[in-house]
Amino acid sequence: MRLSRSLLPTLKETPAEAQIASHRLMLRAGLVRQTASGIYAWLPAGYRVLQNIARIVREEQDAIGTQEMLMPTIQPAELWRQSGRYDAYGPEMLRLKDRHERELLYGPTNEEMITDIFRQSVKSYRELPQMLYHIQWKFRDEVRPRFGVMRGREFLMKDAYSFDLDYAGAVASYRKMMLSYMRIFQRMGVKAIPMEAESGPIGGNLSHEFIILAPTGESEVFYDAAFEAMDFSSGTFSHTSDDDLERFFVQMTTPYAATDEKHDTAAWEKVAEKRQGRGIEVGHIFYFGTKYSEPMGLTVAGRDGSKVVPHMGSYGVGVSRLVGALIEAHHDDAGIIWPDSVAPFKAAILNLKQGDAVCDKICEDLYASFAGNALYDDREDRAGVKFNDADLMGHPWQIVAGPRGAANGRVELKRRATGERQEVEIADALARINATARNG
RNA sequence: CGGAGCGUAGCGCAGCCUGGUAGCGCAUCAGUCUGGGGGACUGAGGGUCGUGGGUUCGAAUCCCGCCGCUCCGACCA
């Protein structure tokens, strides 16, 4: 994108409503604008980040064999009556009526709908197990939205659902999902730790929430330093091997990890290397057996012809929340520091002397070589403005083209995360940038 | 849902207490000079003061209602 022709409204001052760092920075960096309490519009740069996060989620879900689909945001009340949740859910659910007075709702989650769809078409044990997911907007009418996109009312969530013939199968699905989640968060450059959780209104009895560490997180967390060295990149564990899944699950659930709600001081005392900090919940997985399949009449024929009620689980990642959470984990006084894998652009190109033939040529050539994956600051502004905006927006790399180096065909390359700057040949700058993994 | 606060130009704010027809900084536009960390000067544009009603000769200012937003606490991907 050319900055001079982009809707990328950076702010020098912080709007009064923003309190925490990520909210302030998202507004100042021109990523989002609020349209109502807890409801946000995603501007071009913010939307690119959102899509990058969704892309990583998608790739890692696909990698363990989860099928992507898309369910609607609006659901009939009837389905929720079948599960018993229509009355149980309470005022957090946004209820609507159409012109015929039919009762509808804006989905806060999709267990009922996926169960309904599944029961219509799947009739035999031969078709199980299956895992399905979609990335779709949800609405929960929070009493008190706050923290920008981290606790909005409308939010983008990846929700997945597993269907297995029995408990053992469901546990395997659950572990695959946990593995997929660890890979997702690792690729986004954050340390996530699964912690045992209450299963809440979704129901069930096996549940973990994924907490990423950030100094401004909402809850206090306690964990064993053993988590810090773990690596989940592909190759370390196979999602098709039961032994690997077992080994993985044991590794994840053996070291101590708890939020303040479930903190056990006696067990904590025994941890050799203690870590304590703040955390933000970005994912939550549940096994809930037949909580929905049973009342909604989902059955398949078993091997012997008898009816089998599938065991289910559901698995959520807060995609839009992650945008805020990643900023909480990666920022400094000057602005955002995007991990390479989710940054809206690979690099920013700063033309320090717009209108200078040599600078313009260098920048135009550079910009063309990025094929749209760079932000070209071609504004008629002074150097300081461009430096500050680039730092604020958090591009992993800045390529600075000014008259000082341009005459010798050199540019300055700055790494946002470290602040390191050096003058290099143009080709070297491109080589170094391309060496950083685009997709994490 | 309990408690508190705010709404005046794109953003940040003053003015309100003690009514007299709106101001500051930044941003924007034009021009000149500048040119490697938010530059300087000159000039210009932009606000039915959230909204409806009331009091008054006169309301941003006082009174009442409504709407919106935020913060603290209880609750949540």
Side-chain angles (χ1 to χ4, degrees), chain A residues 7 9-20 23-24 27-28 30 33-39 57 89-93 107-111 135-160 181 197-202 207-212 218-219 259 261 280-286 314-325 333-335 350-356 359 377 379-392 398-406 410-412 414 419 421 423:
Chain A
L7 182 61
T10 57
L11 303 174
K12 225 156 130 179
E13 287 175 288
T14 305
E17 74 263 21
Q19 290 302 306
I20 63 166
H23 191 196
R24 278 200 306 269
L27 293 170
R28 287 195 52 214
R33 286 295 182 262
Q34 181 171 270
T35 64
S37 178
I39 302 179
V57 171
Y89 214 93
E92 277 210 355
M93 184 152 75
T109 177
N110 286 63
E111 281 82 7
I135 298 174
Q136 177 63 291
W137 293 94
K138 305 292 187 290
F139 194 92
R140 293 184 192 172
D141 200 357
E142 293 278 345
V143 203
R144 190 184 158 207
R146 61 183 126 168
F147 305 143
V149 300
M150 295 230 293
R151 178 81 79 79
R153 292 193 292 172
E154 187 187 55
F155 56 96
L156 188 62
M157 181 165 93
K158 185 285 301 180
D159 41 320
Y181 277 32
E198 305 289 353
S199 44
I202 309 275
S207 172
H208 284 86
E209 53 190 24
F210 293 76
I211 309 277
I212 68 172
E218 281 192 78
S219 51
T259 60
E261 293 172 347
I280 302 167
E281 182 186 349
V282 291
H284 205 153
I285 60 179
F286 306 88
S314 75
Y315 314 87
V317 170
V319 174
S320 50
R321 169 178 282 190
L322 267 166
V323 179
D333 289 345
L350 311 191
N351 188 343
L352 295 196
K353 195 166 185 184
Q354 201 68 39
D356 175 272
C359 290
D377 192 342
R379 297 175 298 178
E380 300 280 353
D381 271 300
R382 297 173 66 89
V385 174
K386 299 191 178 191
F387 288 135
N388 282 314
D389 270 350
D391 286 348
L392 172 63
Q398 296 170 21
I399 309 173
V400 181
R404 220 162 61 186
R410 295 172 77 85
V411 291
E412 186 179 278
K414 174 178 172 178
R421 293 189 289 187
E423 200 174 281

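So you know, we letter chains A, B, ... as the sequences are listed, proteins then strands, and number each from 1. Atom set for the values below is all heavy atoms of this structure, side chains included, hydrogens, waters and symmetry mates excluded. Computed from a predicted structure; not experimentally measured.
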By nearest-nucleotide position on RNA chain B, the 5'-leaning member of A:Gly283 and A:Lys386 is A:Lys386

Here the distance between atom P of B:rC75 and atom OH of A:Tyr89, to the nearest Å, is 16 Å

Using the C1' atom as the reference point in each nucleotide, state the distance between B:rG12 and B:rG7 in Å, no decimals. 14 Å

Per the atom types in the model, does the base of B:rC76 pair as donor or acceptor with the side chain of A:Arg151 at under 3.5 Å? yes

According to the Watson-Crick and G-U wobble definitions, with both distances under 3.5 Å, which nucleotide is paired to B:rG65? B:rU51

Write down the distance between CZ (A:Arg24) and C1' (B:rC71), rounded to a whole number of angstrom. 14 Å

Examine distances only and state if a side-chain atom of A:Arg321 and a backbone atom of A:Phe155 form a donor-acceptor pair shorter than 3.5 Å. no

First of A:Gly38 and A:Glu154 reached from the 5' end of RNA chain B, by closest nucleotide: A:Gly38

From A:Gln34 atom CD to A:His23 atom NE2, the distance as rounded to the nearest 0.5 Å: 6.0 Å

Please name the pair of heavy atoms, one in A:Asp356 and one in A:Cys359, separated by the smallest distance, quoted to 0.1 Å. OD1-N, 2.9 Å

Any side-chain donor paired with an acceptor under 3.5 Å for A:Ser207 and A:Glu209? no

Quick check for you: among B:rC76, B:rG37, B:rC72, whose closest atom lies nearest to any side-chain atom of A:Arg140? B:rC76

Measuring only the C1' atom in each nucleotide, how far is B:rA27 from B:rG47? A whole number of Å is fine. 15 Å

Proximal nucleotide (of B:rC11, B:rU70, B:rC76) relative to the A:Glu17 side chain: B:rU70

May I ask you to verify if any side-chain N or O of A:Thr14 is less than 4.0 angstrom from the OP1 or OP2 atom of B:rG12? no

Derivation and outcome, side chain to side chain contact (heavy atoms under 4.5 Å, CB included), residues A:Tyr89 and A:Arg140: CA-CA 10 Å; A:Tyr89 214 93; A:Arg140 293 184 192 172; 3.8 Å; yes

Figure out the CE/P separation between A:Met150 and B:rC71, and round it to whole Å. 12 Å

Pick base, sugar-phosphate or nothing for A:Asp159, based on heavy-atom distances below 4.0 Å to the nucleic acid. nothing

Testing the 3.5 Å rule here: is there a donor-acceptor pair between the side chains of A:Gln398 and A:Asp391? yes

Using atom CD of A:Gln398 as one end and atom C1' of B:rG37 as the other, report the distance to the nearest whole Å. 11 Å

Distance in angstrom units between A:Asn388 CG and B:rC26 C1', rounded: 14 Å

Assign a letter to each nucleotide of nucleotides 27-36 of chain B from its 5' end: B, base within under 4.0 Å of a protein heavy atom; S, sugar-phosphate only; -, no contact. S------BBB

Strictly below 4.0 Å: does A:Arg28 bring a side-chain N or O up to OP1 or OP2 of B:rC11? no

Check whether the ring centres of A:Phe286 and A:His284 lie less than 6.0 Å apart, and answer yes or no. yes

Base paired to B:rG25 (Watson-Crick or G-U; both N/O distances under 3.5 angstrom): B:rC11

Looking only at side-chain atoms of A:Glu281, point me to the closest of B:rU70, B:rA74, B:rA77. B:rA77

When we call it a touch if two heavy atoms are under 4.0 Å apart, what does A:Glu209 touch: a base, just sugar-phosphate, or nothing? nothing

Please state the P separation for the pair B:rU28 and B:rG65 - nearest whole angstrom. 43 Å

When the P atoms of B:rU42 and B:rC24 are considered, how many whole Å apart are they? 14 Å

Of all heavy-atom pairs between A:Gln354 and A:Asp377, which one has the smallest distance, and what is that distance? OE1-O, 4.0 Å

Closest to the A:Lys414 side chain, choosing from B:rG38, B:rG37, B:rU70: B:rG37

Rounded to whole angstrom, note down the C1' distance from B:rC6 over to B:rC13. 13 Å

Identity of whatever pairs with B:rG31 - Watson-Crick or G-U, under 3.5 angstrom: B:rC41

Step-by-step side chain to side chain contact (heavy atoms under 4.5 Å, CB included) determination, A:Glu154 to A:Phe139: CA-CA 4 Å; A:Glu154 187 187 55; A:Phe139 194 92; 3.9 Å; yes

Taking the C1' atom in each of B:rG20 and B:rC33, what is the distance between them to the nearest angstrom? 44 Å

Using the P atom as the point on both nucleotides, what is the distance between B:rG45 and B:rC62, in whole Å? 31 Å

If you only use heavy atoms from C-beta on, which nucleotide in B:rG38, B:rC76, B:rA74 is closest to the side chain of A:Glu142? B:rC76

Starting the side chain at C-beta, find the nucleotide from B:rG38, B:rC71, B:rG12 nearest to A:Ala16. B:rG12

Classify the nucleic acid contact of A:Ala18 as base, sugar-phosphate or nothing, counting any heavy atom under 4.0 Å across all strands shown. nothing

Same-atom distance (C1') from B:rC16 to B:rG23, integer angstrom: 14 Å

Let's test this: given Watson-Crick or G-U wobble pairing with both distances under 3.5 Å, identify the partner of B:rC1. B:rG73

Contact class for A:Gly152 vs. all strands (heavy atom < 4.0 Å): base, sugar-phosphate, or nothing? base

Looking only at heavy atoms, which two atoms of A:Lys414 and A:Gly419 are closest? And how far apart? CE-CA, 4.3 Å

Rounded interatomic separation in angstrom, taking CZ from A:Arg146 and C1' from B:rA4: 14 Å

Given atom CZ of A:Arg144 and atom P of B:rC69, what is their separation to the nearest angstrom? 14 Å

Sort out the partner of B:rC57 for me: Watson-Crick or G-U wobble, both distances under 3.5 Å, none otherwise. B:rG20

Here the distance between atom C1' of B:rG38 and atom CG of A:Asp377, to the nearest Å, is 12 Å

